[in-house]
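Bear in mind the structure is a predicted one, so any value in this text is a computation, not a measurement.
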Amino acid sequence: MAALGEVFERYGDPMTTLAASMLRNRTEADDVVEDALLRIHDAAPGFRGERGLRTWSLRIVANLCRDRLRRRKFTGTLPDEPDAFERAGLQFDPIADWDGALDQRVMAAALERAIDSLPPDQREVVVLRHRLDLSHAEMAELLNVPEGTIKSRLARALTVLREHLKGMDT
Amino acid sequence: MNGDDRFDERITRLLSASHASANPAVLERARARLAARQGATGFLAFLGRPVALATAAGLLVVSAAVSLMVLRSDNSSTATIAATTNTSLVAALLDDDGTYGLPAEVASASDGASGAAGTSEIGDSNGVTP
């Protein structure tokens, strides 16, 4: 059980960030991370380390999130709330060298709403690539799809995000 | 760097500026669930111990013996009731009072009917009809 604490210490933040970004609900995200920890504990004896522990942990979280989103289709979606950050349980760290002409907080909130509108497979790749800084190869391994699929999903997702934020560009 | 690239870079930077911190309570809850599960596993291990198995086997023998006794006593009482019922029925049917175990009024009515149908000898022999 001590090993579980170490996993949580090292990967708790990325696991929570992925779950919160995918589910857009902090309570559900915490539940998913909790379930993921139990699965990691159960599967740890069979873990041979061929994949990195980080990728493996995130893969478990991604699978649990997909299950939840699939179930949500039948139970109804979450109500819209004005603060996309608050609902998702995300924190925004102000960017130091930011163009002063644009309100970064406002733009970041608009970006979160745009992420809300993405289909789960596109939302997943955006979060893994740009929020958790995974490489295309790591993402392909984590999601069990070819790298080409990852690149095309990312390109489609960025097109949608660009469209949503077009009016804010200077 | 053109305008689109600059815009994409902004998006990327904004995306990486947002994150969530892990909630320590999540680890505590996971540990509690694991501990609860291990408690349940401990009880299963206890059930597998030889003493527990011997106790279970003993209880099985005792319950089988008790069941057998109950079944036997139940069978004998059923047989007694059946025998008593048969005896009284036969006695009633063979009782030579002309009623064949039926109430007197019903018996006389049936005799009257049979007399009308031309079987008066039977009725006479029983002394029911004049």
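Rounding to the nearest 0.5 Å places CD1 of Ile11(B) at 5.0 Å from CG of Leu165(A). Note that CG of Asp8(B) and CZ of Arg162(A) are 4.0 Å apart. Values are rounded to the nearest 0.5 Å. We find the CZ-CD distance between Arg13(B) and Gln104(A) to be 8.5 Å, quoted to the nearest 0.5 Å. The structure places CZ of Arg37(B) at 7.0 Å from NE2 of His41(A), a figure rounded to the nearest 0.5 Å. Taking CG of Leu34(B) as the reference point, atom CG of Leu4(A) lies at 6.5 Å (rounded to 0.5 Å).
The shortest heavy-atom contact between Gly5(A) and Leu27(B) is CA-CD2, 4.0 Å. Pairing each heavy atom of Phe8(A) with each of Asn23(B), the nearest pair is CZ-O, 3.3 Å. For the pair Thr17(A) and Ser18(B), the tightest heavy-atom approach, listed with the atom from each and the gap, is CG2-O, 4.5 Å. Residue Ala20(B) comes nearest to Arg26(A) through the heavy atom pair CB-NH1, 4.0 Å, listed as atom of the first residue, atom of the second, then distance.
Per-residue heavy-atom pair counts under 4.5 Å with chain B were compared for His130(A), Glu9(A), Glu34(A), Met15(A), and the maximum is reached by Glu34(A). The candidate from Val7(A), Val126(A), Asp13(A), Asp133(A) with the greatest count of non-hydrogen atom pairs under 4.5 Å with chain B is Asp13(A).
By the rule that hydrophobic residues join a cluster once side-chain heavy atoms approach within less than 4.5 Å of another member, Val70(B) and Val62(B) end up as members of one cluster. Hydrophobic clustering of Ile, Leu, Val, Met, Phe, Trp and Tyr side chains at less than 4.5 Å, counting indirect connections, unites Val106(A) with Phe92(A).
There is a side-chain donor-acceptor pair under 3.5 Å between His19(B) and Asp93(A). Judged purely by distance below 3.5 Å, without hydrogens or angles, the side chains of Gln91(A) and Ser21(B) pair a donor atom with an acceptor atom.
When heavy atoms are compared at a cutoff of 4.5 Å, Ala108(A) approaches chain B by way of both its backbone and its side chain. In this structure, the portions of Leu90(A) lying under 4.5 Å from any heavy atom of chain B include both its backbone and its side chain. Residue Glu112(A) touches chain B through its side chain alone, counting heavy-atom pairs closer than 4.5 Å.
Using a 4.0 Å cut-off between charged side-chain N and carboxylate O, Arg29(B) and Asp35(A) make no salt bridge.
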Original post:
Do Ile115(A) and Leu15(B) pass the side chain to side chain contact (heavy atoms under 4.5 Å, CB included) test, and can you show the C-alpha distance, the side-chain angles, and the key distance before you say yes or no?
Top reply: CA-CA 10 Å; Ile115(A) 291 173; Leu15(B) 279 169; 3.3 Å; yes
